Number of protein chains: 2
Amino acid sequence: MTSCETCVVRNRAICAGLDDREIATLNAIGRRRVVTAGESLIWEDDDSLLVANVIDGVLKLTTSTEDGREQIVGVAYPSDFIGRPFGQTSSASVVALTDARVCVFSRNDFDRFAREHPELEHKLLERTLAELDRTRSWMMLLGRKNASEKIATFLLEMSDRLAESGCTPAFGPAKRFSLPFSRQQVADVLGLTIETVSRQFTKLKNEGVVELPSRREVEILDRGALKALAG
Amino acid sequence: MTSCETCVVRNRAICAGLDDREIATLNAIGRRRVVTAGESLIWEDDDSLLVANVIDGVLKLTTSTEDGREQIVGVAYPSDFIGRPFGQTSSASVVALTDARVCVFSRNDFDRFAREHPELEHKLLERTLAELDRTRSWMMLLGRKNASEKIATFLLEMSDRLAESGCTPAFGPAKRFSLPFSRQQVADVLGLTIETVSRQFTKLKNEGVVELPSRREVEILDRGALKALAG
DNA sequence: ATGCCTTTTTGACATCCGTCAACGTCGTGC
DNA sequence: GCACGACGTTGACGGATGTCAAAAAGGCAT
C-alpha cells in the first residue's frame with residue numbers, strides 16, 4: 001500500500017496540516033483504489049458507505065430522473081473530496097470520467113476520525129463552502145443562460161480548472177487543453193442536448209474563437225470573445 | 001437586546017449545543033437585526049462583512065448577470081445560516097422576502113469564534129453539506145426538467161419546507177400554505193419567465209390539482225397528481 | 001367607493017432549442 | 001487495410017417557452 005507520505009495531493013487535500021501520528025491513523029483506515037474510466041464509485045440514493053479523496057483523474061457527480069435524464073452536478077479533480085460524510089445517503093452518483101486513483105475511507109471510519117480532528121473538519125468545511133459557491137454560480141448558468149453563453153462559460157471554466165491541476169507549465173488559464181468530457185457529458189453539465197453542444201462548438205470554430213484539433217482537444221484562440229459571449 | 005436564552009431557534013440553529021459560557025460569548029459578538037421585506041442584508045461580490053442566523057422570516061439568495069437576469073440560488077428559513085464565513089467575498093446577494101429577524105455577526109468575529117469551537121463548526125459543516133445536497137438536486141430541476149415538472153416540484157418542496165417551520169399544527173407536508181414568493185420570484189427560482197409560471201399555475205388550477213384562493217395562497221387538492229407531474 | 005399603481009393573467013407571435021434521422025469520423029481489433 | 005461500433009456532426013422540422021402587448025385583478029391611499 002502506497003502511503004500518505006508520498007501522496008501527490010498530500011498538501012492540497014483535506015489531510016494537509018495533520019501531523020505524523022494523525023496521518024498514520026488516517027493511513028490505517030484508508031486505502032488506495034483505482035477507478036477506471038466509466039466505473040462507478042458511489043451510487044445515487046445508495047447508503048453512503050464511503051467517502052474519498054481524489055488523487056488523480058477526474059470524476060463526475062450526477063443525479064438522474066427515473067426516465068433516464070441525467071444532470072452532472074459536480075466534477076471532482078485531484079485533491080477534491082467526494083462522498084457524503086455525516087449523512088445516511090448520498091445525493092449523487094460518482095463515476096470516473098478518466099482512469100482515476102482515489103483514497104477511500106468507510107464513511108463511519110471517516111466520520112469518527114473527522115469528529116476527533118477539528119482541523120480536518122475545518123478544511124472540509126472550507127472546501128464544502130467553496131463547492132457550494134461554485135454550485136450556486138452554476139445554477140445561474142443552468143437557469144438563466146442560453147446555449148452559447150453556456151458553452152462559452154463552460155470553456156472558460158475548463159480552461160481555469162484544468163490549468164490549476166498543473167497541465168500547463170506556467171500559471172494562468174490553459175490556452176489549450178484536453179476535455180475530460182464527451183459531447184454528451186458536456187451536454188449533461190450544461191443542461192443541453194448533444195446536438196446543441198455540437199452546433200455551438202462548430203459555430204465557435206467557424207467564428208475563429210476556438211480551434212478543435214480533435215474531439216477532446218480545445219484551443220482557445222480568442223479568450224476575449226469567449227468572455228464576451230459568456231455574459 | 002434580546003438574548004440567546006429566549007431565542008426561538010436556539011435549539012435548531014448552529015448555536016445549539018453550546019454551553020452557557022459560550023452562548024454568552026456569542027451573545028456578546030452578535031446582535032439582533034430586523035430586515036424588512038425587500039431589504040438587502042448582503043450584496044453579491046461585496047466584501048463578505050457579515051454572517052447571520054435567521055430567527056424568523058424568509059430570505060432569498062440570488063445571483064445576477066450584468067444585464068439584469070436573476071436566479072434565486074437558495075432560500076433561507078428560520079434557523080438557517082446565511083453568509084460566507086472563511087471567505088473574502090460572498091457569491092450571492094441576500095434579500096428578505098418577508099419581514100425577517102436575524103442574528104448577525106461580523107464575519108471576522110464569527111470566524112474567530114467558530115475556529116475556537118469545533119462543535120459549532122461541525123454543525124455548520126452538517127448544514128452546509130445538507131444545503132449542497134439540496135442545491136444539487138435543484139440543478140437537476142434547472143437543467144433537465146420542463147416547466148410543468150418545475151412547477152410541480154416547486155409546490156411540493158414549498159409544502160414540505162413551510163410545514164417544517166411550524167405553519168401547520170400537525171406534522172407532514174402542508175396542504176395549504178402561503179407562498180413567500182411573488183410570481184416573478186417563483187420564476188427566478190425555477191429559471192422560467194413570469195408568464196410561463198402564471199400559465200402553469202392556471203393550468204394546475206383548471207385541472208383541479210391545486211386551488212389558488214389568492215395570489216400568495218396555495219392549496220394542494222391532489223398531491224398524487226403533483227408528484228406524478230414532478231417526475 | 002374611487003382612482004392609481006403594481007402585479008398577474010391572457011393572447012398572439014417569434015425563436016431557440018429539442019427531436020428525429022441521416023451521414024460522417026474516429027478508434028480498435030482482426 | 002478493412003469492418004465494425006461508438007461518437008460526433010449536420011439538416012429539417014416542431015414545439016415549448018420566451019417576448020411583447022394589452023387587459024384584468026388586486027392593493028392601497030385618499
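Bear in mind that the values here come from a model prediction, so they are computed numbers and not experimental data. A note on names: the letters A, B, ... follow the listed sequences, proteins ahead of strands, and every chain is numbered from 1.
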Options dG18(C), dA21(C), dT9(C), nucleotide nearest the side-chain atoms of T193(A): dG18(C)
If you define the side chain from C-beta out and look only at heavy atoms, does anything of L162(A) sit under 4.5 Å from P180(A)? yes
Quick one: R183(B) CZ to dT10(C) C1', roughly how many Å, whole number? 14 Å
Euclidean distance, atom CD of residue E217(B) to atom P of dT7(C) [Å, nearest integer]: 18 Å
Select one nucleotide: of dT17(D), dT8(C), dC17(C), the one nearest the side-chain heavy atoms of N146(B). dT17(D)
Starting at the 5' end of DNA chain D and moving along, which residue's nearest nucleotide shows up first, Q184(A) or R144(A)? Q184(A)
CD on Q200(B) to CG on L155(B), rounded to 0.5 Å: 10.5 Å
E149(A) CD - dC16(C) C1' separation (whole Å): 12 Å
Interface residues of residues 198-215 of chain B with DNA chain D (non-hydrogen, below 4.0 angstrom): R199(B), R215(B)
Going from CD1 on I151(A) to CG on L226(A), what distance comes out if it is rounded to the nearest 0.5 angstrom? 10.0 Å
Quickly work out the L192(B) CG to dT8(C) P distance and round it to whole Å. 15 Å
Whole angstroms only, please: what is the CD-P distance between Q185(A) and dA6(D)? 16 Å
K150(B) side chain reached by T196(B) side chain, heavy atoms, under 4.5 Å: no
Could you check how far CD1 of I194(A) sits from C1' of dC7(D), rounded to whole Å? 7 Å
Is a donor on one side and an acceptor on the other found under 3.5 Å between the side chain of R223(A) and the backbone of K175(A)? no
dG18(D) phosphate, OP1 or OP2, under 4.0 Å from T196(B) side-chain N/O: yes
I need the CZ-P distance between R216(B) and dT9(C), as an integer number of Å. 12 Å
Residue pair V51(B) / R107(B), side-chain heavy-atom distance below 4.5 Å: yes
Using the ring of F201(A) (Phe, Tyr or Trp, six-membered ring only), decide whether R183(A) places NZ or CZ under 6.0 Å from its centre and within 45 degrees of its axis. yes
Just how far, in rounded Å, is C1' of dG8(D) from CG of L179(A)? 13 Å
So for E195(A) and dC20(C), does any side-chain atom that can act as donor or acceptor lie under 3.5 Å from a complementary atom in the base? yes
